[in-house]
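Contents: one structure, followed by commentary.
On a predicted model such as this, the values are computed, not experimentally measured, just so you know.
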Amino acid sequence: MPKVCQLFSGSSGNSIFVSDGRTKLLVDAGVSAKRIEQALSDIGESADELSAVLITHEHSDHIKGLRVLASKHKIPVFAHGRVLASLKQSGDVTDSMQAFETGDNAEFGGVEIVPFENSHDSVACLGYRLNMCGDRSISVCTDTGYITDDAKEKIAGSDLVFLESNHEITMLQNGPYPYNLKLRILSERGHLSNAACSEFAAELMKSGTTRIVLSHLSRDNNHPEIARQTTLAALTGAGFVEEHDFRLRVSAPENDGRAIIL
């Protein structure tokens with residue numbers, strides 16, 4: 001049975017563990033290798049057993065621990081070609097590491113990896129749908145200013161979706177961030193708001209999704225309960241019943257020890 005856990009979430013670092021029991025993947029490595037190793041140990045896993053690391057984009061909160069983790073444990077790295085080029089230039093991917101460009105679709109250890117385009121102010125940004133054994137599927141869609149058509153097509157019908165719910169618009173507009181940073185976050189190459197997240201969550205439910213984990217919340221411009229209530233209202237307004245039709249979680253900045261078993 002697939003086992004999934006968001007180890008870290010938010011601007012301080014992001015990393016998600018996904019396993020079908022045989023193939024064990026990490027989506028992003030945005031905190032130190034030491035912290036990732038400990039977080040894996042906390043859920044009964046080991047970095048030595050990781051099959052690959054999938055990188056969404058080159059921002060530090062998604063690759064901070066990549067070089068040390070992948071080098072130390074000899075873990076293959078997959079990313080968009082432009083992201084790989086950027087990581088090689090910055091030294092976060094070295095010649096001694098196994099690094100591969102993410103194609104349109106790839107099969108790795110029995111897991112089908114389906115990348116899709118997100119809209120973010122990076123050299124490129126991908127989300128991933130992972131089709132696991134037993135017809136289970138997990139998608140990761142964060143760091144996007146809006147839900148692209150590619151994302152809508154590829155994510156539809158996923159059993160579990162990690163979906164960005166970064167900010168509450170009014171909190172961001174009235175908050176302490178510099179004006180230019182506010183514009184960046186609110187742009188189509190920024191981050192997904194609670195409102196946009198909730199709207200897409202309702203679409204996902206109609207496509208067959210049963211579990212949603214709200215991810216990449218801003219510590220300054222959001223609150224877990226506000227994010228949760230916004231999406232909950234959209235789902236119940238669409239006629240779905242919590243704990244009957246769906247389960248809704250909000251990721252903590254650091255995992256509280258729980259993993260999701262599908």
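Cluster membership for L26 and V140, using ILVMFWY side-chain heavy atoms within less than 4.5 angstrom, is not shared. Hydrophobic cluster membership differs between L50 and Y128, with clusters built from Ile, Leu, Val, Met, Phe, Trp and Tyr side chains linked at under 4.5 angstrom. Note on V213 and L235: separate hydrophobic clusters, where clusters join Ile, Leu, Val, Met, Phe, Trp and Tyr whose side-chain heavy atoms are under 4.5 Å apart, directly or indirectly. I155 and F162 sit in two unconnected hydrophobic clusters of ILVMFWY residues. Membership requires side-chain heavy atoms under 4.5 Å apart, directly or through other members.
Checking side-chain atoms of K182 against main-chain N and O of Q173 turns up a donor-acceptor pair under 3.5 Å. No donor-acceptor pair closer than 3.5 Å links the side chain of N222 to the backbone N or O of S218. No donor-acceptor pair under 3.5 Å is formed between the side chain of S15 and the backbone N or O of L7. When atom types are taken as modelled, the side chain of E188 and the backbone of Y146 share no donor-acceptor pair closer than 3.5 angstrom. Remark: the backbone N or O of G157 is paired with a side-chain donor or acceptor of S207 at under 3.5 angstrom.
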Please table the atom pairs, donor to acceptor, closer than 3.5 Å between any side-chain atom in residues 196-205 and protein atoms at least two apart or in another chain.
unit_1	atom_1	unit_2	atom_2	d
S198	OG	N194	O	3.4
S198	OG	A195	O	2.8

Distance-only donor-acceptor hits, side chain of residues 51-59, under 3.5 Å, sequence neighbours excluded:
unit_1	atom_1	unit_2	atom_2	d
S51	OG	K24	N	3.0
S51	OG	K24	O	3.4
T56	OG1	D28	OD1	3.2
T56	OG1	D28	OD2	2.9
T56	OG1	H62	ND1	3.4
H57	NE2	H59	ND1	3.4
E58	OE2	V123	N	3.0
H59	ND1	H120	NE2	3.4
H59	NE2	D121	O	3.3

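Ring pair H167/H191: centre-to-centre distance not below 6.0 Å. A distance below 6.0 Å separates the ring centres of F78 and F100.
Sorted by first then second residue, the side-chain hydrogen bond (donor to acceptor under 3.5 Å, both in side chains) pairs that include residues 72-83, not counting sequence neighbours, are E37-K72, E37-H73, D48-H73.
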List the steps and the verdict of salt bridge (charged side-chain N to carboxylate O under 4.0 Å, His left out) for R67 and D92. CA-CA 5 Å; R67 182 181 59 80; D92 292 293; 5.3 Å; no

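Nearest heavy-atom pair across D20 and G109 is OD2-O, 4.3 Å. Residues R129 and S137 share a closest heavy-atom pair of NH2-OG, 3.3 Å. Contact detail for V31 and G13: the closest heavy-atom pair is CG1-CA, 3.8 Å. Scanning both residues, C141 and I147, for their nearest heavy atoms gives SG-CD1, 3.9 Å. Closest of all the heavy-atom pairs between P253 and R219 is CB-NH2, 3.3 Å.
In this structure, R35 places its CZ atom where more than 12 heavy-atom neighbours from other residues, nucleotides or ligands lie under 6.0 Å away. Within 6.0 Å of CD on Q89 lie no more than 12 heavy atoms contributed by other residues, nucleotides or ligands.
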